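Letters A, B, ... are given to chains in the order of the sequence lines, protein chains preceding strands, and every chain is numbered from 1. From a predicted model like this one, the values you see are computed outputs, not experimental measurements.
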Amino acid sequence: MPELPEVERIRRGLMEHISGKTIAQVSLPFPGLVKNVDPAVFMEKIRGAKVRALQRRGKYILVYLDQYLLEIHLRMTGIFLFYPGPVEAGPHTRAVFTFLGTETLHFQDVRKFGTFRLWEAGEMEVSPAFCLGLDPLEDDFSFSRFEEKLLVKPHTRLKSFLLDQRYIAGLGNIYVDEALHRARIHPARLLKTLSDSEKRALHASIVALLRESIQWGGTSFSDYRGLQGQRGVFQEHLKVYQKAQEPCFHCGHPLARIVHSGRGTYLCLRCQEPPLLSPGSIQS
DNA sequence: CTCCGTGCCTGTGAGC
DNA sequence: TGCTCACAGGCACGGA
């Protein structure tokens with residue numbers, strides 16, 4: 001599942017391969033991919049546009065075309081694959097961009113959760129990608145700005161907060177569990193109960209974790225790949241995600257899996273001390 | 001306000 | 001061997 005490090009690596013791959021290039025044609029084997037305009041209109045408008053810039057905001061990829069903004073969310077299984085020449089669309093190919101010359105870019109998405117939205121210059125501000133919280137890789141992700149966000153919702157539980165893209169943008173289930181374990185804080189803690197040192201540990205953990213993951217090429221459990229189909233290897237460096245029963249990296253105690261915010265949550269119940277009130281149902 | 005369940009999807013793997 | 005079915009989860013949305 002692409003989260004910030006994976007999306008960032010894909011953005012860098014797109015920078016390398018399609019920046020400055022002109023889109024000769026787009027086809028949409030799965031037209032439902034485009035959410036906010038008619039697919040035929042989408043194809044028509046994109047044709048002939050040049051890729052001016054590529055940005056990432058949280059888990060969104062923003063492709064700046066001449067007078068349009070293409071906003072892409074990969075959701076669970078979306079990936080881009082770049083080819084030097086024409087390649088036949090596979091069973092999960094949802095969009096094919098053909099550039100002037102022979103190069104092609106396939107958008108592949110097994111589960112069809114991914115979304116494309118096309119915005120005109122001027123209406124971009126209404127797009128979801130412009131309603132996000134702090135990006136942990138940006139310079140402005142300082143401890144004080146992070147703490148400001150924590151203070152806004154004192155009665156929210158920590159994991160719910162970290163997953164909410166309106167406060168911090170880019171974290172998903174894997175990196176939230178990893179960051180909380182690294183900082184040794186239980187996911188069900190209320191924000192208002194966090195000590196100053198815990199907040200600082202969490203802030204530092206998030207930044208360090210995401211940077212490390214990018215250096216390792218991201219986490220490839222199943223679908224995520226780079227533009228050339230490369231796997232990331234950060235899954236080999238994860239300490240808790242999908243490791244129930246395995247010994248905790250810090251203390252050796254067997255890791256647990258609970259359900260929190262409706263999601264599978266991995267943690268060490270010894271290092272990450274539960275709050276006094278019900279922490280959630282323990283499944284083992 | 002916060003929390004929880006549901007729908008969107010389909011491949012995977014456990015269990016029978 | 002082949003089938004069924006729960007599970008995975010980001011996000012939007014509706015209801016408690």
Side-chain angles (χ1 to χ4, degrees), chain A residues 1-8 10 28-36 56-62 71-79 89-95 107-117 126-133 135-136 149-180 186-194 210 218-225 231 235 238 240-245 257-267 275 277-281 283-284:
Chain A
M1 312 121 240
E3 300 179 29
L4 189 151
E6 293 77 33
V7 178
E8 175 61 18
I10 289 169
L28 294 171
F30 172 58
L33 169 65
V34 181
K35 299 299 180 188
N36 70 333
R56 181 189 56 74
R57 293 177 78 95
K59 299 176 204 171
Y60 289 89
I61 294 170
L62 304 178
E71 172 207 288
I72 297 164
H73 199 301
L74 306 169
R75 296 291 182 106
M76 314 297 302
T77 56
I79 59 169
H92 302 129
T93 304
R94 310 304 182 191
F107 177 69
Q108 205 175 85
D109 183 16
V110 170
R111 293 167 68 178
K112 297 181 175 176
F113 280 11
T115 57
F116 281 17
R117 286 190 174 84
V126 307
S127 90
F130 282 80
C131 306
L132 298 172
D135 188 304
K149 297 285 182 187
L150 288 170
L151 294 172
V152 174
K153 301 276 168 186
H155 297 287
T156 300
R157 295 188 189 275
L158 188 48
K159 179 160 180 172
S160 311
F161 169 81
L162 293 172
L163 287 172
D164 193 327
Q165 306 297 300
R166 293 171 299 178
Y167 304 117
I168 312 293
L171 298 176
N173 206 36
I174 297 175
Y175 293 110
V176 166
D177 283 3
E178 292 293 326
L180 288 170
H186 194 283
R189 290 276 299 280
L190 295 179
L191 299 191
K192 64 173 184 177
T193 69
L194 296 174
L210 296 177
T219 301
S220 288
F221 266 108
S222 52
D223 301 278
Y224 163 69
R225 296 290 185 276
R231 296 178 67 91
Q235 63 276 13
L238 298 177
V240 288
Y241 185 74
Q242 289 197 351
K243 293 189 183 295
Q245 308 304 338
R257 179 188 188 274
I258 66 173
V259 174
H260 180 86
S261 309
R263 295 177 174 89
T265 297
Y266 299 87
L267 77 171
L277 298 174
S278 65
S281 59
Q283 289 196 342
S284 81

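Counting heavy atoms from C-beta outward, L150(A) and Y167(A) have side chains that stay 4.5 Å or more apart. Using a 4.5 Å cut-off on side-chain heavy atoms (C-beta onward), F161(A) and K149(A) make contact. Contact check for S160(A) versus H260(A): side-chain heavy atoms found under the 4.5 Å cut-off. For the pair R157(A) and P187(A), the minimum side-chain heavy-atom distance is 4.5 Å or more. Put simply, the side chain of L210(A) reaches to within 4.5 Å of the side chain of L171(A), judged on heavy atoms.
Taking atom CG on L162(A) and atom C1' on dG10(C), their separation rounds to 15 Å, with Å as the unit. Taking atom CZ of residue R157(A) and atom P of nucleotide dC1(B), one finds them 18 Å apart after rounding to whole Å. Counting to the nearest Å, the P atom of dC13(C) and the CG atom of D164(A) are 14 Å from each other. One can place CG of N36(A) at 15 Å from C1' of dA12(C), the figure rounded to the nearest angstrom. The distance between atom CG of L158(A) and atom P of dC3(B), rounded to the nearest whole Å, is 11 Å. Regarding D223(A), its CG atom lies at a distance of 13 Å from the P atom of dG10(C), rounded to whole Å. Counting to the nearest Å, the P atom of dG10(C) and the CZ atom of R117(A) are 17 Å from each other. Atom C1' of nucleotide dG10(C) and atom CZ of R166(A) are separated by 14 Å, given to the nearest angstrom.
Each of dA8(C), dC3(B), dA12(C) was ranked by its minimum atom distance to the side chain of R257(A); first place goes to dA8(C). Listed nucleotides dA8(C), dT2(B), dG10(C) differ in distance to M76(A); the shortest reach to its side chain belongs to dG10(C).
Under the 4.0 Å criterion applied to side-chain N and carboxylate O atoms, R56(A) and D135(A) are assigned as salt-bridge partners.
Exactly one residue among K159(A), E3(A), R263(A) makes a side chain to side chain donor-acceptor pair (under 3.5 Å) with N173(A). That residue is K159(A).
Contact annotation: K59(A) side-chain N/O to dG10(C) OP1/OP2 distance is not under 4.0 Å. OP1 or OP2 of dC11(C) lies within a sub-4.0 Å distance of a side-chain N or O belonging to Q165(A).
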Task: Base versus backbone protein contacts along nucleotides 6-13 of chain B [heavy-atom cut-off under 4.0 Å; B, S, -] - done: --BBBS--
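Among the atoms of the strands shown, none is found under 4.0 Å from any heavy atom of T77(A). F161(A) comes within 4.0 angstrom of nothing in the nucleic acid, heavy atoms only.
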